[in-house]
J.: 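First the structure, which I've put down as structure tokens, then a few questions once you've had a look.
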Amino acid sequence: MTKHHEDAPLLRQRKGDVEWLIFNRPQVRNALSSTMEQALIEAVDAIARDGSAKAVVFTGMRGEKPAFMAGADVGSLAKAANPEEAIALEREAEALIVAIEALRIPTVAAMAGACVGQGALLASACDVRIAAPSLRFGFPIARTVGNCLSLMNYARLISMLGEAATKEMIFSAKLLGADDLLATRSIRAVVGDDEIDDRAQEVAEALTRLAPLTLWATRQALLRLRNHGVPSDCDDDILAACYGSRDMQEAISAFLAKREPQWLGR
């Protein structure tokens, strides 16, 4: 997907039995805006209701620099100025990921370039991931905005990467490359940026030829096993402490001013 030909934040394309959802804000590396988030939720719901697609591929429109999704707009984080708004922001973001996980058909993430924050969470919710060498995946929040993830999102990453790799990724504040993810078996293959769309279509088509109930049942069973270990409403205090902190407000100001944040731990 290399041509930016429409202004909508999300594009849909149908290739045979495979539905493509393409993040279309290449000028900001496909950062997730509230408008794009709502469009994604509506598109996923429409695919679920229609029932004709047999697989879905998520990818990002590639401009001068390739990007899957470079996190959320900083403006949305800046709105989380108090604990209640912070928790509401997390719950809103959760709705999109839950909708993707609830699909009865296989999902594929075709990742090139920046796949950060909400983009990385979206990719972690997919069943199969393929990557280009340009991939940079992760959550550099310990050196950028100073917030945290919800317990459910930590569980998603542990399910994908393992606990040790998840902690190392957060504690190093570094982005992982395609080879790093391949080593954890988090992705199926690494292919060239100019090949990733064709490979994603091939992978999705192969999934459509397998027993759909087997794939659905396996995904749902694994989700239930994962979710069983995550108590509900047990992380409000953690989210409020980070999102409502002086550190996070300082980090957002520093980001916008292109300077290093001064951490105080409060």
Side-chain angles (χ1 to χ4, degrees), residues 32 34 37 40-41 44 58 68-74 76-103 107 109 115-127 129 137-176 180-181 184-186 218-249 251-252 263 265-266:
L32 184 69
S34 58
E37 184 175 45
L40 272 164
I41 291 174
V44 170
F58 295 88
F68 182 78
M69 180 186 289
D73 278 343
V74 174
S76 65
L77 293 176
K79 295 176 183 177
N82 61 58
E84 292 77 17
E85 290 173 347
I87 293 167
L89 184 68
E90 279 290 329
R91 301 305 177 234
E92 289 172 9
E94 179 75 3
L96 170 59
I97 305 302
V98 168
I100 293 170
E101 291 179 336
L103 283 168
T107 52
C115 183
V116 180
Q118 194 68 13
L121 289 174
L122 193 154
S124 76
C126 292
D127 298 309
R129 290 164 289 273
F137 178 99
F139 301 81
I141 52 179
R143 63 174 170 81
T144 54
V145 291
N147 62 345
C148 63
L149 305 182
S150 67
L151 258 65
M152 183 59 75
N153 285 332
Y154 283 120
R156 287 187 175 99
L157 292 176
I158 289 171
S159 179
M160 174 182 169
L161 297 170
E163 182 175 347
T166 296
K167 183 181 287 187
E168 174 62 20
M169 177 178 63
I170 300 294
F171 276 41
S172 70
K174 294 179 180 178
L175 298 178
L176 303 180
D180 297 319
L181 293 186
T184 67
R185 305 195 66 162
S186 302
T218 300
R219 177 208 279 142
Q220 290 305 311
L222 293 175
L223 287 175
R224 292 181 191 184
L225 287 169
R226 182 200 71 191
N227 294 347
H228 181 71
V230 183
S232 60
D233 300 326
C234 64
D235 56 359
D236 287 3
D237 59 327
I238 298 174
L239 294 170
C242 289
Y243 277 88
S245 68
R246 173 267 177 204
D247 270 3
M248 184 169 173
Q249 295 307 311
I252 292 171
W263 307 114
R266 63 175 186 267

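In what follows, residues are counted from 1 in the order of the sequence shown. Values below: every heavy atom of this structure, side chains too, minus hydrogens, waters and symmetry copies. Note that this is a predicted model, so its numbers are computed, not measured.
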J.: Which residues pass the side chain to side chain contact (heavy atoms under 4.5 Å, CB included) test with Ala102, not counting sequence neighbours?
T.: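 For Ala102 there are no side chain to side chain contact (heavy atoms under 4.5 Å, CB included) partners, ignoring immediate neighbours.
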J.: Considering non-hydrogen atoms only, spot the tightest contact between Phe68 and Phe58 and give its length.
T.: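 So the minimum-distance heavy-atom pair works out to CE1-O, 3.4 Å.
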J.: About how many Å separate CG of Leu151 and CG of Asn227, when rounded to the nearest 0.5 Å?
T.: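 Output value for this atom pair is 11.5 Å.
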J.: Determine the minimum heavy-atom distance between Leu149 and Asn153, stating which atoms define it.
T.: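 The pair with the smallest heavy-atom distance is CB-CB, 4.1 Å.
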J.: Output all residues satisfying side chain to side chain contact (heavy atoms under 4.5 Å, CB included) with Ala251, sequence neighbours left out; order by chain, then residue number.
T.: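 Here the qualifying residues are Pro261, Trp263.
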J.: Which residues pass the side chain to side chain contact (heavy atoms under 4.5 Å, CB included) test with Leu96, not counting sequence neighbours?
T.: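 With sequence neighbours excluded, Leu96 shows a side chain to side chain contact (heavy atoms under 4.5 Å, CB included) to Glu37, Leu40, Ile41, Ile100, Leu122, given in chain and number order.
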J.: Write down the atom of Phe139, the atom of Met169, and the distance for their closest heavy-atom approach.
T.: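 Heavy-atom minimum between the residues: CD1-CE, 3.7 Å.
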J.: Not counting sequence neighbours, list each pair that qualifies as a side chain to side chain donor-acceptor pair (under 3.5 Å) and has a residue in residues 161-176.
T.: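 Matches after skipping sequence neighbours: none remain.
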J.: About how many Å separate CZ of Phe137 and CE of Met160, when rounded to the nearest 0.5 Å?
T.: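 Between Met160 CE and Phe137 CZ, I get 3.5 Å after rounding to 0.5 Å.
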J.: Could you pull out all residues at least two apart from Arg226 that satisfy side chain to side chain contact (heavy atoms under 4.5 Å, CB included)?
T.: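 Testing Arg226 for side chain to side chain contact (heavy atoms under 4.5 Å, CB included), a comparison that skips the adjacent residues, returns Glu101, Met152, Ala155, Arg156, Ser159, Leu223.
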J.: Once rounded to the nearest 0.5 Å, what's the spacing between atom OG of Ser124 and atom CG of Leu161?
T.: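 It comes to 8.5 Å.
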J.: Tell me the closest heavy-atom pair linking Ser245 and Ala241, and the distance in Å.
T.: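 Closest pair (atom of Ser245, atom of Ala241, distance): CB-O, 3.3 Å.
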J.: With the side chain counted from C-beta on, respond yes when Asp180 and Thr184 share a heavy-atom pair under 4.5 Å apart, and no when they do not.
T.: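 Heavy-atom side-chain distance check fails, nothing below 4.5 Å.
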J.: What distance separates Leu121 CG from Cys126 SG, expressed to the nearest 0.5 Å?
T.: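 Atom-to-atom, Leu121:CG and Cys126:SG are 11.0 Å apart.
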J.: Among residues at least two apart in sequence or on other chains, which ones pass salt bridge (Lys or Arg N to Asp or Glu O under 4.0 Å) with Asp127?
T.: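 By the salt bridge (Lys or Arg N to Asp or Glu O under 4.0 Å) rule, Asp127 matches Arg219.
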J.: Can you tell me how far the CG atom of Asn147 sits from the CG atom of Asp247, to the nearest 0.5 Å?
T.: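 Here the interatomic distance stands at 11.0 Å.
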J.: Roughly how far, to the nearest 0.5 Å, is SG of Cys115 from CG of Leu176?
T.: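 Nearest 0.5 Å value for the CG-SG distance: 10.5 Å.
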